[in-house]
Q: 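Just passing along the structure, written as structure tokens.
The analysis underlying the following values was restricted to heavy atoms, covering all of them including side chains, and did not include hydrogens, waters or symmetry mates.
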Number of protein chains: 2
Amino acid sequence: MTVSKTAEKSSEKPADAAKGRKDAGEPQTEALQLGELSEQLGYVLKRAQLKVFENFLRCMASLQLTPAQFSVLLLVEKNPGRNQTEIASTLGILRPNFVAMLDNLESRDLCARIRSTNDRRSHILVLTDKGKAVLARAKKLVATKHEARLNDLLGQANREALIGMLSKIANEF
Amino acid sequence: MTVSKTAEKSSEKPADAAKGRKDAGEPQTEALQLGELSEQLGYVLKRAQLKVFENFLRCMASLQLTPAQFSVLLLVEKNPGRNQTEIASTLGILRPNFVAMLDNLESRDLCARIRSTNDRRSHILVLTDKGKAVLARAKKLVATKHEARLNDLLGQANREALIGMLSKIANEF
DNA sequence: GATAATTGTTATGGACCATATCAAATATCG
DNA sequence: CGATATTTGATATGGTCCATAACAATTATC
């Protein structure tokens with residue numbers, strides 16, 4: 001969802017108020033000063049997150065997986081036998097909102113809900129064979145097209161340092 | 001918006017599937033393994049961004065300013081005499097969505113729209129006196145409560161490195 | 001001076017997030 | 001045991017944010 005619809009054209013790229021100009025004539029419209037904005041953590045964090053998600057969606061276009069869907073498949077694979085509540089809450093997804101998400105993945109035969117025999121309220125989540133295959137391909141795409149891009153941009157060491165700092169913020173802020 | 005409503009209680013904190021347990025009895029529900037998820041840039045980036053925004057809103061509770069509103073005030077202050085289209089596009093906000101945002105800020109007497117004499121289609125944006133005062137207080141709150149938190153957590157050098165890397169991603173990814 | 005483009009605006013729909021509520025199943029406690 | 005509370009998955013619903021189409025007023029272009 002939210003991807004590949006008409007996506008590609010507008011979307012209002014920031015830092016580009018001077019658009020319809022051949023970059024040769026008289027710049028009657030001066031570029032705006034970002035000022036302290038470019039030092040604001042929240043601002044730059046949000047911008048970076050949007051860019052990363054955008055790139056992720058492009059890399060996954062052939063598999064039609066959103067970041068959220070990818071994270072669900074990853075977590076279900078790593079934690080077989082868990083129910084919806086456990087998977088959802090670990091990802092910070094509220095149970096009601098997780099239902100439609102699973103409906104989607106299940107309708108595409110990527111995962112399945114199985115009634116637990118221990119607790120007949122629960123739906124145990126598992127990946128289907130197709131789900132495992134798609135996830136495997138998704139991992140390769142992420143590694144070769146998505147994460148590799150970061151290494152080119154920042155370098156291996158910086159990339160790891162970045163992930164470490166973001167994790168720290170996510171966990172301890 | 002989106003803040004301080006009933007906010008404070010639920011919200012489904014991740015990495016916490018084992019909740020209603022006194023942390024003393026028998027852990028019948030093992031913690032889930034995040035696995036490769038904790039190395040996924042997009043995942044950790046999104047998580048960090050949510051935490052940072054959440055903290056920002058808490059710091060700004062007394063002024064009732066969202067990150068987006070703060071960025072608008074900052075940009076208008078730094079770039080007086082610009083119209084809605086220029087401010088909005090620099091922030092990556094689509095013009096239609098910028099209207100309600102300005103209605104809000106204007107109704108609170110933080111900024112004002114002024115018809116341009118050169119181009120009577122445009123609305124020049126300026127901060128009101130109250131807007132300037134509020135922004136000044138907001139800056140102090142951000143510096144002392146919000147950004148300072150990052151320094152405590154990462155240290156000055158790491159904080160700057162982080163901002164630098166995020167900017168690079170936002171601009172070159 | 002006719003046509004095209006721009007500005008602010010409204011209307012509208014989609015995606016995402018949050019809450020309340022429900023039925024079925026289970027847990028708890030008298 | 002049996003009444004009550006809790007949990008699980010689900011539905012309904014509302015809010016916020018994001019994106020597109022369309023419009024009137026104004027300006028630019030030819």
Q: When you check the phosphate oxygens OP1 and OP2 of D:dG9, does a side-chain N or O of A:T85 lie under 4.0 Å from one of them?
A: yes
Q: I'd like a list of close polar pairs between nucleotides 26-28 of chain C and the protein, N/O only, cut-off under 3.5 Å.
A:
| residue | atom | partner | partner atom | Å |
| --- | --- | --- | --- | --- |
| C:dT26 | OP1 | A:R120 | N | 3.0 |

Q: Taking side-chain contact (heavy atoms from CB on, under 4.5 Å) as the test, write out the residues that go with B:L153, two or more places apart.
A: A:K168, A:I169, A:E172, A:F173
Q: Please report, rounded to the nearest Å, how far the P atom of C:dT7 is from the CD1 atom of B:I87.
A: 13 Å
Q: Side chains of A:L65 and A:L110: does their closest heavy-atom pair fall under 4.5 Å?
A: yes
Q: Rounded to the nearest Å, what distance is computed from the CG atom of residue A:N83 to the C1' atom of nucleotide C:dA25?
A: 13 Å
Q: Mind calculating the distance between CD1 (B:I114) and C1' (C:dT7) to the nearest angstrom?
A: 17 Å
Q: Using nucleotides 10-13 of chain D, report all nitrogen or oxygen pairs with the protein that are shorter than 3.5 Å.
A:
| residue | atom | partner | partner atom | Å |
| --- | --- | --- | --- | --- |
| D:dA10 | OP1 | A:R113 | NH1 | 3.2 |
| D:dA10 | OP2 | A:Q84 | OE1 | 3.0 |
| D:dA10 | OP2 | A:Q84 | NE2 | 2.9 |
| D:dA10 | OP2 | A:R113 | NH1 | 2.6 |

Q: Which residues pass the side-chain contact (heavy atoms from CB on, under 4.5 Å) test with A:E160, sequence neighbours left out?
A: A:Q156
Q: Which residue pairs pass the ring-ring contact (aromatic ring centres under 6.0 Å, His included) test when at least one of the two sits in residues 50-96 of chain A, sequence neighbours left out?
A: A:F56-A:F70, A:F56-A:H146
Q: Answer with yes or no whether the side chains of B:R113 and B:Q84 bring together a donor and an acceptor at under 3.5 Å.
A: yes
Q: Could I get a table of every N or O pair under 3.5 Å where one atom is in the protein and the other is in nucleotides 1-3 of chain D?
A:
none

Q: Any side-chain N or O of B:K46 less than 4.0 Å from the OP1 or OP2 oxygen of C:dC17?
A: yes
Q: How close or far is atom C1' of D:dC17 from atom CG of A:L50, stated in whole angstroms?
A: 11 Å
